[in-house]
Amino acid sequence: MSVSLPTEARVVVIGTGAFGLSVTAHLARTGVQGVLALDRFACASQTSLRAAGLFKLVQADELRTRLAGLAIEIVRSFERDMGVAVPYVASGSLLVARTERHARLIEREVAAVRQWGVEVEPLSSVEAARLAPYLEAGEIRSAAYIPGDIYIEEPSSLLTSCRLAAERFGAQILEHVPVTGIVVAEGAVRAVETPYGRIRTEHVVDAAGAWVRAVARLAGSDLAVMPVRHQLAITEPLPGTSPKQPIVRILDAAVYVRPCRGGLMWGGFEADPLPVDLEPSGDTFSMDQLPLDFRVLEDLAEAVRGTVPALRDAPIQEHRGGLFTMTPDGRFLVGPAPGVRGLWVLSGCNGSGFSFSPALGRILAEWIVAGTAPIDLSAFAPDRFARPLDEATLREAAVYQYTHYYEPVD
Ligand SMILES: Cc1cc2nc3c(=O)[nH]c(=O)nc-3n(C[C@H](O)[C@H](O)[C@H](O)COP(=O)(O)OP(=O)(O)OC[C@H]3O[C@@H](n4cnc5c(N)ncnc54)[C@H](O)[C@@H]3O)c2cc1C
C-alpha cells in the first residue's frame, strides 16, 4: 500500500476514537493549520464504536460534573458551532436504589450535584416506573430523575460528525497508518515515524485508547493505565419500549439500561472484570479480536430481574465489547505526558471517555494552542502517579476502580 503523507504537521494526533477525533476537530476549528490525525486501523473503528452512548451529569466531584455538563452543551450546539449535527436523544435518566445504602448514596449525590448546578428530582418507585415503563417498582427503594441527561443511539454518529467537522475545518485524517516511533531530542518531540515515512512535528497527542501506554513508551514516557474489558447487549425490539424513555442506572447491581433500536440495551460492571495487557500482542490486536463472554451480561440481567424483567430471556440482536482505559484513581489522563515536552495525553477514560470527549477534546485543543490550560485540570495530570509503575498494583487498582464505577472512591 502506498500512502501519501505530509512531511510536516503542526500537531499529530495518534488515534481517531472519540478522544482523538474530538481534539482534532477542536484544534482545526480553533484555526490551527496542519492538524493530522493518524489511525493504525479504520477511523473510529475500535472501543469508541462499541460505546453505549450514555452521558451522565451526576459525577463524583465538581470538576467532572461541570465537564459532563459542558460535554452535553457541546453536543447540543454541535451543528451551530461545528457545522455538522450530532443526533442525540434528550431522554433524561433515573438513578435507582434498591438498598438503604444506595438510597443514601443517591441522597448524597443529589445534594452535591445540585450545588454544582445540575437539575435533579427525587422520585418514588411508582413515579420512576411511570417514567420508565420497563421498570418494575416493587424492589425500588428510591430514585432520582436527571432531566438533562442524554444518550446517543449509535456511537458511530458522534464519531462521524466529529470526523466531518474536523475535515471541514481543514484537518487531515489518515487511516491504516500506524505510528511506530516518536522521535525525541533534548527532551522534546521532533517527529513521528510511520511505515510510510517520518512526519516532523513539535506536538503529538497520544489518544491511542487501549494502546495509549505503548504509544507513550515510543517517546520514552510511561502512563499509569490498564485496559479492562467492558461489554453490553441489545435486545430485539420489545413491546412498550420507546426512545424517549429515560436511561436507568441501578446502583447496587451496577447495571445500566436504555432504550435502543426499539428494544433495550444493558451493560454493567461485574465484580470480577477482565484486565487485558496489550503489551505482548499490541501490534496486531484489534478490538474485534477481544474475547466476549455473554455470561457476564446474563448475570447482570439476573441481578436486576425483579426490576427489569424484560431483559430475562429477551432475544438479543447485538453483543459487543471493548476496552476501558482504567487509572489507579478512576480519573482521566489529560495534559502533558511525563518527561517529554510536546507529548500530550488524552485518555484514562475509566468508562466515560465517549461522553467526556467533546469537553476534554475542546479543552486540550485550547491548551495546546494557548500553552496554558483554560481550566485547572491538575486532577487529571498524567504525571500524578508515583513512578516507576508497579504492574501488579496498577492492575489491582484498575480493577478496583472498574468495580466501583457507580460508587466512586479515591
Ligand atoms: C461496551 C462499552 C460501553 C461504553 N459505554 C460508554 C458510555 O455509555 N459512555 C461513555 O462515556 N463511555 C462509554 N464507554 C467508554 C468509551 O467507549 C471510551 O471511553 C472511549 O471510546 C475511549 O475512546 P478512545 O479514543 O480513547 O479509544 P478508541 O476508540 O479505542 O480509539 C483509539 C484509537 O487509537 C488507535 N491507535 C492505537 N495505537 C495507534 C498507533 N500506534 N498509531 C495510530 N493509531 C493508533 C486505535 O486504532 C484506535 O482507533 C464504553 C465502552 C465500552 C467498551
Side-chain angles (χ1 to χ4, degrees), residues 52 54-76 90-125 127-128 131-132 135 140-151 246-258 268-269 307 324 326-334 348-360 362-363 373-381 384 397 400-410:
L54 310 177
F55 287 60
K56 182 172 185 279
L57 283 166
V58 174
Q59 296 289 330
D61 53 44
E62 180 171 4
L63 175 61
R64 278 177 284 183
T65 302
R66 295 204 184 276
L67 289 171
L70 174 64
I72 291 178
E73 187 44 46
I74 292 173
V75 167
R76 286 182 187 276
S91 62
S93 80
L94 291 169
L95 288 176
V96 166
R98 301 185 303 175
T99 69
E100 193 46 42
R101 189 161 73 82
H102 292 91
R104 285 201 302 274
L105 175 66
I106 290 184
E107 273 171 31
R108 281 199 305 279
E109 288 195 317
V110 164
V113 299
R114 274 188 171 153
Q115 286 181 312
W116 304 328
V118 178
E119 189 186 342
V120 47
E121 199 184 316
L123 291 188
S124 70
S125 57
E127 289 166 326
L131 275 180
L135 285 182
I140 299 176
R141 280 186 106 96
S142 71
Y145 177 55
I146 302 97
D149 273 343
I150 65 168
Y151 71 84
I247 303 157
V248 170
R249 296 179 173 96
I250 302 165
L251 299 191
D252 56 282
V255 167
Y256 57 81
V257 189
R258 74 155 166 95
F269 301 83
T307 309
F324 286 178
M326 302 302 297
T327 60
D329 61 3
R331 298 201 180 97
F332 298 101
L333 298 174
V334 185
C349 81
N350 288 284
S352 302
F354 186 82
S355 54
F356 278 75
S357 63
L360 292 175
R362 182 158 108 185
I363 289 168
I375 61 166
D376 178 8
L377 283 192
S378 51
F380 304 159
R384 68 188 181 275
Y400 186 80
Q401 292 297 337
Y402 182 96
T403 57
H404 289 78
Y405 187 80
Y406 285 143
E407 294 181 64
V409 279
D410 275 329

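With a 4.5 Å cut-off on side-chain heavy atoms, Glu62 and Gln115 do not count as touching. Between Ile363 and Leu67 the shortest side-chain heavy-atom distance falls below 4.5 Å. When side chains are defined from C-beta on, Arg76 counts as touching Ile72, because their heavy atoms get closer than 4.5 Å. Considering only heavy atoms from C-beta on, Ile375 stays 4.5 Å or farther from Arg66 through its side chain. Looking only at side-chain heavy atoms (C-beta outward), Val110 and Val58 stay at 4.5 Å or farther from each other.
Under the 3.5 Å distance criterion, the side-chain polar atoms of Arg249 are left unmatched by any main-chain donor or acceptor of Tyr406. Looking only at distances, no side-chain donor or acceptor of Arg384 sits under 3.5 Å from a matching main-chain atom of Ser378.
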Go through the steps for Val118 and Thr65 under the test side chain to side chain contact (heavy atoms under 4.5 Å, CB included), then give the verdict.
CA-CA 8 Å; Val118 178; Thr65 302; 3.5 Å; yes
Between Arg362 and Leu70, does a side chain to side chain contact (heavy atoms under 4.5 Å, CB included) hold up when you go through it step by step?
CA-CA 10 Å; Arg362 182 158 108 185; Leu70 174 64; 3.6 Å; yes
Side chain to side chain contact (heavy atoms under 4.5 Å, CB included) between Arg114 and Val120: does it pass, once the steps are laid out?
CA-CA 7 Å; Arg114 274 188 171 153; Val120 47; 3.5 Å; yes
Using side chain to side chain contact (heavy atoms under 4.5 Å, CB included), reason through Leu135 and Leu94 one step at a time and then give a plain yes or no.
CA-CA 11 Å; Leu135 285 182; Leu94 291 169; 4.0 Å; yes
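Smallest separation of non-hydrogen atoms from Ala144 and Ile106: CB-CG2, 3.8 Å. Across every non-hydrogen atom of Gln401 and Thr327, the tightest pair is CG-O, 3.4 Å. For the pair Arg64 and Ala60, the tightest heavy-atom approach, listed with the atom from each and the gap, is NH2-CB, 4.0 Å. Taking each heavy atom of Pro328 and Ala397 in turn, the nearest pair found is CA-CB, 3.7 Å. For the residue pair Ala97 and Ala103, the shortest heavy atom distance occurs at CB-N, 3.3 Å. Looking at every heavy atom in both residues, Gly268 comes nearest to Tyr402 through O-OH, 3.5 Å.
Applying the side chain to side chain contact (heavy atoms under 4.5 Å, CB included) rule to Arg98 yields the partners Val96, Glu139, Ile250, Asp252, Ala253, Val304, Thr307; only residues at least two apart in sequence or on another chain are considered. Residues passing the ring pair (Phe, Tyr, Trp, His ring centres under 6.0 Å) test with Phe332 are Phe356, Phe380, sequence neighbours excluded. Listed by chain and number, the residues in a ring pair (Phe, Tyr, Trp, His ring centres under 6.0 Å) with Tyr151 amount to none (sequence neighbours excluded).
Here the CZ-CG distance, from Arg141 to Leu251, works out to 13.5 Å after rounding to the nearest 0.5 Å. Atoms CZ and NE2, from Arg108 and His102 in turn, are 9.5 Å apart once rounded to the nearest 0.5 Å. One distance of note links OG1 of Thr99 with CG of Leu105; it measures 8.5 Å at 0.5 Å rounding. Separating the CG atom in Leu360 from the CG atom in Leu377 is a distance of 7.0 Å, to the nearest 0.5 Å. We find the CD-OG distance between Glu100 and Ser142 to be 8.0 Å, quoted to the nearest 0.5 Å. Atom CD of Glu127 and atom OH of Tyr145 lie 12.0 Å apart (nearest 0.5 Å).
Ring geometry for Phe354 against Phe55 counts as perpendicular: the plane angle is over 60°, on a 0 to 90° scale with 30° as the lower cut.
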